[in-house]
> 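Dropping a structure here in structure tokens format, bear with me for questions.
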Amino acid sequence: MTRRRFRLSYLRAELRLRTRHAVLTALGLAVGVGLVITVTATAAGVGAAQATVLHALYGIGTDLTVTVSPPADPGGAGGTAAGRTLLTGDLGLLSASETSAISRLDGVTKTAGGLLLTELKPAAVPVTVTIDGLDLSNPGLGPFTSGTIIAGHGFVASDAATSVAVVDSRYASANKISVGSSVTVAGTALRVIGIIRQAGGGSDIYLPLDRAQSLSGHPGQVNIVYVATSGPAQVQAEITGLLPSATVTSTANLATAVRGSTAGAAKLAGDLGRWLAIIAIAAACAVASLLTLAAIARRTREIGTLKAIGWPTSTIVGQLLGESFIIGGCGALAGLGLGFAGIAVVDAIAPDLTAASTQTGGPAAVAVRLSAHATTAIISSAVLLAIGCALIAGALGAWRAARLPPAAAFTEVA
Amino acid sequence: MYTLHAITKQYRTSSSTVTALDGIDLEVANGEFLAIQGRTGSGKTTLLQILGAMDRPTSGQVRLAGQDLGALSAHELTELRAASIAFVFQTFNLIPTLTAVENVESALVPLASLGPGRWATAADALAAVGLADRAHHLPSQLSGGQQQRVGIARALVKQPRVLLADEPTGNLDTDTRDEIIGLLERLWRERSLTLVLVTHDQAIADRAQRVISMSGGRL
């Protein structure tokens, strides 16, 4: 007990009277830890933003989407014929039998057809409204699932044949639309039953698939099929075999197909961030090790004296490791502070991230707020890294001290 | 106390071999006060390190109280230094971050058997060299003479059989030198120590029971 008391007293005295070395070492570790936390939290934030984008573009629970290109003749099944106000844009149409064939494939657990349309509203400056026809008989798939109803209610199965709509909150706000009012699609008034808020955007107006098909003049047809599977890779291959001209997009495909600042930021965070974190912690370790070795060199006579008066090497090594552990702990705490400050700076200055899919289907573009956030795992890892670095530095110093002979007590080095 | 037979100590450098001790034969009686004199580089400090079990000779045999030091492991030599051999250094070698009493106590750390009374033992040792009122001062707050007194208290607190002193007054003025050598002499008599002291100073050597001179690694 008294030996422990003495060693704690010695440790405290060393840290107190060699403050400069302790502070410099702890500061070096703190900068490394702070950078690791900031960079990792930013990368996590970018990852979360990308997930939000993917959900918005793709829909929760959807593993694959199936689309086809429109025929070369714009007057054909592609649906951009003159006289129609609702256009299917750059998506071709899929028949009910094709949708049904997809749903029967092995590994497919659920499918839902959708009809993505645009309407050009005549005005001084023409406005394009995006419209999404939802398959109410198979809810739970597609971009609509990632939104939150903030007023009124969503669709129920009995709405399939009725003239009702759910409107995006931003579109509703811009056009002063509320629950109970109406919106006009292809000259037909639809009663608004709900307002939906979507993380990054989406279609402006949602309506039952049957109504979208009849209003657009494409009965029984869809231009996107959302697929839930038990094995996306296998089902993707099966659909390609069934419909060779179809574009089958998986979550992974979509992530790579997302272009815009989230893709750039994700790549930056994934590549540069990872290396920056590794370099930062390696530099912190190197600085701590060099400072510790320099400190041991200055304490040659002290260590030699302890050996000369009979201190076992293991006791001296334990003493030095104890000092390093405390310095590492201080560095970790300071690093946490720096890391959270870095996160606050990132949150304050980070721009909104935008993304658009080069694949077809879902909303064209999404904007999300980048928010860096440190998880318990990140914080724990950073603290362990700091202490680990300090212990590595301490072990190097201790190794050097252990090699010193007792005769070092006679050295002239102060 | 000590019996040295045909002791040589050589240091190899990249280009040559330096012989620090060359065939030393020496007997030191129990309770003797022996002074070793010689010019710089004559091998005095190397001899003191071998007597102190801090270094091993290249060849020859060292016996302390009949025990062959060459047969002991590094760990056993450490235990021997902790319990039986004490040092007083020319440059005091106090731990700069510890107070005077903590420096004295540091010599008792390897001796776990002392237990809770260790601090009091250290304080008593400090009082025995006249520094009871400086117990909580750091070395930097003490004069050279006071620092050497702390060094002597640290050496003697564990009741060693042998005290080895390397130029203990080399960094002190004449008045302080006399004070320190007087203290060492008094403690040697009171505690029946075997005292081996390396010195350049003829006045100090004259106070020893026996003086030996070294030159070129030989007596």
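Fair warning: this is a prediction, and the values are worked out from it, not measured in the lab. Numbered from 1 within each chain, the chains take letters A, B, ... in sequence-line order.
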> Indicate yes or no: at least one non-hydrogen side-chain atom of B:Val150 is less than 4.5 angstrom from one of B:Leu131.
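Contact flag for B:Val150/B:Leu131 side chains = yes.
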
> Which bit of B:Leu80 comes within less than 4.5 Å of chain A, counting heavy atoms only: side chain, backbone, both or neither?
neither

> Can you name the closest pair of heavy atoms from B:Thr46 and B:Ala20 and give their distance?
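For B:Thr46 versus B:Ala20, the nearest heavy atoms are OG1-CB, 3.9 Å.
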
> In plain terms, say whether A:Arg299 and A:Glu323 are close enough for a salt bridge, that is, a side-chain N and a carboxylate O under 4.0 Å apart.
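Salt bridge: yes.
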
> Working to the nearest 0.5 Å, report the span between OG of A:Ser314 and NE2 of B:His75.
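Taking OG in A:Ser314 and NE2 in B:His75, the distance rounds to 8.0 Å.
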
> Under a 4.5 Å heavy-atom cut-off, does chain A meet the side chain of B:Asp55, its backbone, both or neither?
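No part of it gets close to chain A.
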
> Under 4.5 Å from any heavy atom of chain A, what part of B:Pro160 do you find: side chain, backbone, both or neither?
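Neither; nothing under 4.5 Å.
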
> Which one of B:Ala74, B:Ala107, B:Ser106 has the most heavy-atom pairs closer than 4.5 Å to chain A?
B:Ser106

> Any chance the side chains of B:Asp22 and B:Thr19 put a donor and an acceptor closer than 3.5 Å?
no

> So what's closer than 4.5 Å to chain A heavy atoms on B:Thr78: side chain, backbone, both or neither?
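Its backbone and side chain both get close to chain A.
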
> Counting only non-hydrogen atoms closer than 4.5 Å, does B:Glu102 touch chain A with its backbone (N, CA, C, O), its side chain (CB onward), both, or neither?
both

